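Reviewing the structure listed below.
Note that the coordinates shown come from a computational prediction; the quantities given were computed from them, not determined experimentally.
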Amino acid sequence: MPEEVLFKSESNQSRKEIAASLRKVADNLDSGNAISLKAGSESVTLNPPARPTFEVKAEREGPAGNMTELSVEFELEWDENADGETSGSGQLEIE
C-alpha cells in the first residue's frame with residue numbers, strides 16, 4: 001500500500017530525552033488530546049481515535065551477514081474515515 005509521509009524526524013537523543021517524548025505522547029493519549037509533532041519548520045497534528053491499532057515491532061537489520069542494527073518501533077494506526085474499532089493479535093505486555 002502506498003504511503004505519504006506527513007512528518008519525519010530522526011536524531012540521536014539520550015534515553016531520558018526519548019522517555020520524555022514518549023511520556024508526552026502517552027499523556028496526550030491518556031487525556032484524549034491530539035498529538036502535535038514539530039521539528040524545525042515541519043509540523044503535524046494528529047488526533048487518534050479512542051481505540052487505534054497499536055503495533056510494536058522489534059527488528060534486527062543490516063546488510064546480509066552483518067545484521068547488527070537493532071530497533072524497536074511503536075506505531076499507532078487508524079483509518080481516518082473509520083470509528084477506530086479494530087481487533088488485534090492479543091494483549092501486549094511491556095515490562
Side-chain angles (χ1 to χ4, degrees):
M1 176 175 358
E3 73 177 24
E4 172 190 4
V5 176
L6 301 176
F7 179 89
K8 182 174 180 177
S9 173
E10 186 173 330
S11 62
N12 289 324
Q13 297 182 22
S14 70
R15 290 169 61 140
K16 187 173 184 170
E17 291 168 322
I18 293 166
S21 294
L22 292 172
R23 196 170 292 110
K24 178 63 177 168
V25 170
D27 289 346
N28 284 4
L29 287 171
D30 196 34
S31 64
N33 292 331
I35 298 168
S36 294
L37 308 171
K38 184 176 181 182
S41 63
E42 289 188 64
S43 67
V44 66
T45 298
L46 302 168
N47 197 5
R51 295 191 59 82
T53 299
F54 181 44
E55 180 182 329
V56 178
K57 184 172 23 175
E59 296 179 323
R60 178 178 285 120
E61 302 174 297
N66 191 27
M67 295 178 44
T68 59
E69 183 176 297
L70 295 171
S71 68
V72 61
E73 299 175 7
F74 300 97
E75 181 174 291
L76 297 176
E77 188 173 274
W78 64 94
D79 186 329
E80 286 183 282
N81 301 314
D83 63 7
E85 297 294 326
T86 61
S87 61
S89 60
Q91 184 65 33
L92 169 68
E93 293 180 33
I94 299 177
E95 298 178 11

Residues which pass side-chain contact (heavy atoms from CB on, under 4.5 Å) with [X], listed by chain and number, not counting sequence neighbours:
X     : result
Glu10 : Lys8
Val72 : Val56, Phe74
Ala39 : Phe7, Ser9
Ile35 : Val25, Asn28, Leu29, Leu37, Pro48, Leu76

Do the side chains of Leu22 and Phe54 join up, straight or via other hydrophobic residues, at under 4.5 Å, putting them in one cluster?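 Unlinked, Leu22 and Phe54 end up in two clusters.
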
Sequence neighbours excluded, every pair satisfying salt bridge (Lys or Arg N to Asp or Glu O under 4.0 Å) that has a member inside residues 59-72: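 Only Lys57-Glu59 qualify under salt bridge (Lys or Arg N to Asp or Glu O under 4.0 Å).
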
Can you list the other members of the hydrophobic cluster that holds Leu70, where links are side-chain heavy atoms under 4.5 angstrom apart?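 So far as hydrophobic clustering goes, Leu70 is joined with none.
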
Would you list the pairs meeting side chain to side chain donor-acceptor pair (under 3.5 Å) in which at least one residue belongs to residues 32-45, sequence neighbours left out?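 Qualifying pairs: Ser31-Asn33, Ser36-Thr45.
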
I'd like to check the side chain to side chain donor-acceptor pair (under 3.5 Å) partners of Glu17; sequence neighbours left out, ordered by chain and number.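 For Glu17, the residues satisfying side chain to side chain donor-acceptor pair (under 3.5 Å) (neighbours in sequence not counted) are Ser14.
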
